[in-house]
Every structure is written in C-alpha cells, then in structure tokens.
Amino acid sequence: MTQTIQPYATISSIISPEGSLEVLSQHEVNRLQSTSQNGLHDLLRRCALAVLNCGRPTDDSVAILEAYKDFDIEVLQQDRGIRLKLTNAPAEAFVDGQMIRGIREHLSSIIRDIVYVYNEIQQHNRFDLNTGEGTTNAVFHILRKAGTLKPGRDPSLVVCWGGHSISREEYEYSKDVGYHLGLRDLDICTGCGPGAMKGPMKGANVAHAKQRRKDGRYLGISEPGIIAAEAPNPIVNELVVMPDIEKRLEAFVRLGHGIIVFPGGVGTAEEILYLLGILLHPGNSEIPFPLIFTGPADSAAYFQKIDEFLVYTLGEEIRQYYTIITGDPVAVARKMREGINTIREFRRHQQDAFYYNWRLTIAREFQAPFEPTHEAMRGLALHRQQPKHELAANLRRAFSGIVAGNVKEQGIRAIEAHGPFVLTAEPLLMQRLDELLSSFVAQGRMKLDGQPYTPCYVLK
C-alpha cells in the first residue's frame, strides 16, 4: 500500500546545470519537454524529483510523486546553453535560495545520461542490444560518456552492495569498512542510495581526508526506477544512470575490481545471484574476482541463511567464490586490498585494461532485460533440473520483480491493479525461498519507512 507523505516547503527557480553537460540540440530539448509516449519528460521529472528530495528517508516513489504532484522541470534552450526551470521543487535542495552544488551535479548527470542513452543507445543501430557484444559495448560507451573510465589509475574500485533498510549497527559497520578501505587507497562504487550504499562512502571519505587523498572516487550507478525511489546520496561525486537493471549490474562487474556485500534484502540477493551466476560460467574460471560477505557480528545468522540458500540452489562448490567475514572491518579491508593486488598483477600479465573488465564472460540470460509483469513472474522456471547458471538467472529475475513491486512506481502500480506477483517453484526450493524471504521481512529489510510490510508476492 502506498504511504502518504505530507509535502514540505517548495521553491521555484531557474538554474544552470553543473558539470560536463553539453549544449543540447533543439530536438533533444523538445524530447525532454514532450509528455507524449515517446517523450522523455516524465522520466526526467521522476528522476529529478527524487534527486531534489534526497533528504527524505523513504523508498516509496509513488508517495513522493503524490506529495509533489505540482513539481515540474523544464529544459530551456538558450544561446549560452541550457538552463533548468524548476517549479515547486523540494526546498531542502536549496540553501538560502541557491541549489546545493552536489544536487545540481546529479541533475546534470541524469539529463546527460537520459539524452545519451535515448539518442545513441535506444534509437541508434550502432549497438545490437540483442547480442552480448552489443550490450557490453553499449555499457562501455555509457560509462565512457559519463567520464567514469580512468585509464591512468591502478585498480582501486570496490563495489559495495547491501540494503537501504538496515539497522543503525549495520550502517555504522558499513562506515567502518569504508573507512578501512579508504585508508588503503581504495575507492567506493555503490548503487547510490542510503543504508549500506551510503555508509562505505562516508567512511572512505573520512579516511581519504586523513590520507590527504584528494582524488577519491565515490561512484554511484543506478537506473531510472531505482533513482526515482532511492535518490543518490550527497557523497556521490560521479553518477551514472544506466537504462535498465541488467546494464546497471553489468556496469558494476565490468568497472569494479572487487565486491563487498553487506546485509540487505531482495535487492541484495538479486545482486549476489547475478554475480555468482557469472562467476559460475566456465569461461570465467581463471579470472580472479574478490567477493566478501560482511556485516557486524550480529549478522552472522543473516549470512548463514544466505549461504545455506546458495549452497542448496547452486551446490557446495559455490562457496569457493566468496568469503564470509563478520565483525572485523580491518580483516575485510585487508582481504579486499590483497584481492585487488592480485587483480592488478593478473591484468598486467594478461595485458588487460584496469578500467573495464572486457575478459569477463556474461551469458545472455544475465544481459537481456527482464520486465517483471505478473505473467513473466508466474512463468519463471524455479527448479534445479537446469544448469546452475540458468537457475541463478531465474532466481535473480524473481528477486528483481520483488524489488520492483516494493519500490518502483511501475511495479507498485501493477501490484495495486492486479494483486501480488505469483511465484511457483519445486516444493523444496519453494520452502527454502519462503524461509529466505520471510527472514528478510522479519528483520525489516523490505522497506525503508518502518511501516508493516505487505508482501508484493505469493509463493505457490
């Protein structure tokens, strides 16, 4: 059920973009202003509102839109470049009438990526998105356009995944891990939002200041549906908006040199299954990729449940791909530093780029976009009589649909109109899946607003 949010004070203003946003053509401006089916205005409006509303602790995108139904953004074409006209924008995005610079940067990044993806990816035949090669090249070009590929830097980018709805203890722990990563000259890449995505950046930011490291990277990678629900946290100094979940996840594993997973819910489980499904591919057997599951000591039971589910569905050998460390941020940072040192030597020996993992094989089922409709969710093959990487892909899709039903506008409205998604699986797998999902609900990992959780799915 959509929560009700009382609107705060609003401000109307005209601002100049911040950062590297180029001058737009009149055609591009018209597309951003159009409210037609092929227009981009609604997408821009939803993402912009979330960014401007970044101080509000909620993950209900529909509630935010309802609270600020009079908000609008218009792109104005002028001789000296574009300007952004904001009507009834959340007042917390401004200080003494001036928009906070980081928020202005994020707005500019969103416009840049929306325009580029539409013109050069979706409406252009230079990338065949029905093939693995075409998809990987498209992801590369979006990242290059955003300036996130850094050829002159040694491997240092640690991807941090985890829940947005976590306890204070888990949040502080994620900060401690980020701090010890930062002391070891490592950078942070996350999904932009609050909780376990914000904590590591805050910790690394303090550590980088102590080490007098002025070029620290705090890279956020998101996609429109998630941006609209989880605005980028203010520490993000590089923001990239990918067109869909699958390209977002590919961007993480192509850019990142190692991944740390903190406690989370279905979104975190989705990411874990995505990565492990890739690492299970025979073509990736010789490629080092450090992966650590970690949280405070009290999270041991959480990771035990995750570990048991992974072993049941993907086999005992899956444990060789990850290390579980609880209650020890220093050990996590040291282990990741060692893993990234191994990555550096491996890529030097193979003469591979440090800034983009071209060598990693990603099967097509992990690249093809999944639209979580009721029919698609009901039709997922959730049984163990299939190759393990295919089961991982289908489980990932199931969790992706639950994420959509929890926080994304389209998913929330579909649930309101047609009821919960229905998932079917073989009996024992269904039991394990039910236990895992029920544990997420019991631990309050499904929603950020603190209200009782109404499942957007049923298991049959």
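Along the sequence shown, residues are numbered consecutively beginning with 1.
- No more than 12 heavy atoms of other residues, nucleotides or ligands lie within 6.0 Å of CZ in Arg334, so this atom counts as exposed by the packing criterion.
- Remark: side-chain polar atoms of Arg126 are not paired, donor with acceptor, to backbone N or O of Glu120 under 3.5 angstrom.
- The closest side-chain heavy-atom distance from Val261 to Thr268 is below 4.5 Å.
- A donor atom on one side chain and an acceptor atom on the other are not found under 3.5 Å apart for Lys202 and Tyr179.
- Residues Ile245 and Lys408 are in side-chain contact: their nearest non-hydrogen atoms beyond the backbone lie under 4.5 Å apart.
- Applying the 6.0 Å contact sphere to CZ of Arg83 captures more than 12 heavy atoms from other residues, nucleotides or ligands.
- A salt bridge does not link Arg397 with Glu246: none of the charged nitrogens is closer than 4.0 Å to a carboxylate oxygen.
- At distances below 3.5 Å, not a single donor-acceptor pair connects side-chain atoms of Ser285 with backbone N or O atoms of His281.
- Lys388 contributes a side-chain N or O that, together with a main-chain N or O of Leu314, makes up a donor-acceptor pair within less than 3.5 Å.
- The minimum heavy-atom distance between Pro224 and Pro243, with the atom names listed, is CD-O, 4.0 Å.
- At a threshold of 4.0 Å, the pair Arg31-Glu28 does not count as salt-bridged, since none of the basic side-chain nitrogens sits closer than that to a carboxylate oxygen.
- Remark: the Asp72 side chain and the His41 side chain contain an N/O donor-acceptor pair separated by less than 3.5 Å.
- One N or O on the side chain of Asn137 and one on the backbone of Glu133 form a donor-acceptor pair closer than 3.5 Å.
- Rounded to the nearest 0.5 Å, atoms CD1 (Ile340) and CZ (Arg337) are 6.0 Å apart.
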Criterion side chain to side chain contact (heavy atoms under 4.5 Å, CB included) on Arg347 and His257, from CA distance to verdict: CA-CA 11 Å; Arg347 295 199 189 178; His257 303 110; 3.9 Å; yes

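- Between Asp215 and Arg153 there is a salt bridge, with a side-chain nitrogen of the basic residue lying less than 4.0 Å from a carboxylate oxygen of the acidic one.
- Looking at Glu223 and Arg248, no side-chain N of the basic residue comes within less than 4.0 Å of a carboxylate O on the acidic one, giving no salt bridge.
- Every residue two or more places apart in sequence or in another chain that forms a side-chain hydrogen bond (donor to acceptor under 3.5 Å, both in side chains) with Gln386 is listed here: Asn394.
- By the 6.0 Å contact criterion, CD on Gln320 is enclosed, its count of non-hydrogen atoms from other residues, nucleotides or ligands being greater than 12.
- A distance of 15.0 Å separates OH of Tyr116 from CD1 of Ile114, quoted to the nearest 0.5 Å.
- Ala404 and Pro372 make their closest contact through CB-CG, 3.8 Å (heavy atoms, listed as atom of the first residue, atom of the second, distance).
- For Glu271 against Gly162, the heavy-atom pair with the smallest separation is OE1-N, 4.4 Å.
- For Thr136 (side chain) and Gly132 (main-chain N/O), a donor-acceptor pair under 3.5 Å exists by modelled atom type.
- Between the side chains of Thr294 and Tyr173, a donor-acceptor pair is found at a separation under 3.5 Å.
- Taking a cutoff of 4.0 Å between a charged side-chain nitrogen and a carboxylate oxygen, Asp187 and Arg213 qualify as a salt bridge.
- Ring-centre distance between Tyr457 and Phe421: not below the 6.0 Å cut-off.
- Put simply, the side chain of Val241 does not reach to within 4.5 Å of the side chain of Val117, judged on heavy atoms.
- In terms of heavy atoms, Ser174 sits closest to Ala196 at OG-CA, 4.2 Å.
- Side-chain atoms of Glu345 and Asn341 form no donor-acceptor pair, as typed in the model, at a separation below 3.5 Å.
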Trace of the side chain to side chain contact (heavy atoms under 4.5 Å, CB included) decision for Ile259 with Val158: CA-CA 6 Å; Ile259 292 181; Val158 180; over 6 Å; no

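- Counting heavy atoms from C-beta outward, Phe399 and Leu433 have side chains that approach closer than 4.5 Å.
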Residues Gln367, Thr131; criterion side-chain hydrogen bond (donor to acceptor under 3.5 Å, both in side chains); working and verdict: CA-CA 9 Å; Gln367 290 183 319; Thr131 67; over 6 Å; no

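- Atom CZ of Arg319 sits about 9.0 Å away from atom CG of Leu310, to the nearest 0.5 Å.
- The nearest pair of heavy atoms linking Phe94 to Ala89 is CE1-CB, 4.1 Å.
- None of Trp161, Phe370, Phe252, Phe366 except one satisfies the ring pair (Phe, Tyr, Trp, His ring centres under 6.0 Å) rule with Tyr274; the exception is Phe366.
- Side chain of Asn284 to main chain of Thr361: a donor-acceptor pair is present (N/O by atom type, distance under 3.5 Å, no hydrogens or angles).
- How far CG of Leu395 is from CG of Leu436: 9.5 Å, rounded to the nearest 0.5 Å.
- Side chain of His106 to main chain of Val236: a donor-acceptor pair is present (N/O by atom type, distance under 3.5 Å, no hydrogens or angles).
- Proximity of a side-chain donor or acceptor of Ser109 to a complementary backbone N or O of Glu105 within less than 3.5 Å is detected.
- Separating the CZ atom in Phe303 from the CZ atom in Phe262 is a distance of 8.5 Å, to the nearest 0.5 Å.
- Note that OG1 of Thr326 is 9.5 Å distant from CG of Asp298, once rounded to the nearest 0.5 Å.
- Judged purely by distance below 3.5 Å, without hydrogens or angles, the side chains of Glu250 and Thr135 never pair a donor atom with an acceptor atom.
- Between Tyr218 and His208, a ring centre-to-centre spacing shorter than 6.0 Å is recorded.
- Counting heavy atoms from C-beta outward, His349 and Arg344 have side chains that stay 4.5 Å or more apart.
- Remark: Arg384 pairs with Tyr312, Glu426 by the side-chain hydrogen bond (donor to acceptor under 3.5 Å, both in side chains) rule, at least two apart or across chains.
- Nearest heavy-atom pair, Ile166 versus Gly195, reported as atom, atom and distance to 0.1 Å: CD1-C, 3.7 Å.
- At least one donor-acceptor pair under 3.5 Å links the side chain of Asn233 to the backbone N or O of Cys192.
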Chi angles and distances behind the side chain to side chain contact (heavy atoms under 4.5 Å, CB included) call for Leu291, Thr323: CA-CA 6 Å; Leu291 172 60; Thr323 301; over 6 Å; no

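- Applying the 6.0 Å contact sphere to CZ of Phe289 captures more than 12 heavy atoms from other residues, nucleotides or ligands.
- Remark: side-chain polar atoms of His389 are not paired, donor with acceptor, to backbone N or O of Leu280 under 3.5 angstrom.
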Worked verdict on Thr190 versus Met201 for side chain to side chain contact (heavy atoms under 4.5 Å, CB included): CA-CA 8 Å; Thr190 76; Met201 286 191 175; 3.5 Å; yes

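- Lys335 has no carboxylate O lying under 4.0 Å from a charged side-chain N of Glu338, or vice versa, which leaves the two without a salt bridge.
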Glu371 vs Gln410, side-chain hydrogen bond (donor to acceptor under 3.5 Å, both in side chains): CA-CA, chis, key distance, verdict: CA-CA 10 Å; Glu371 185 69 26; Gln410 185 175 358; 2.9 Å; yes

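- By the 6.0 Å contact criterion, CD on Gln98 is open, its count of non-hydrogen atoms from other residues, nucleotides or ligands being 12 or less.
- In this structure, the side chains of Leu84 and Ile111 come closer than 4.5 Å at one or more pairs of heavy atoms.
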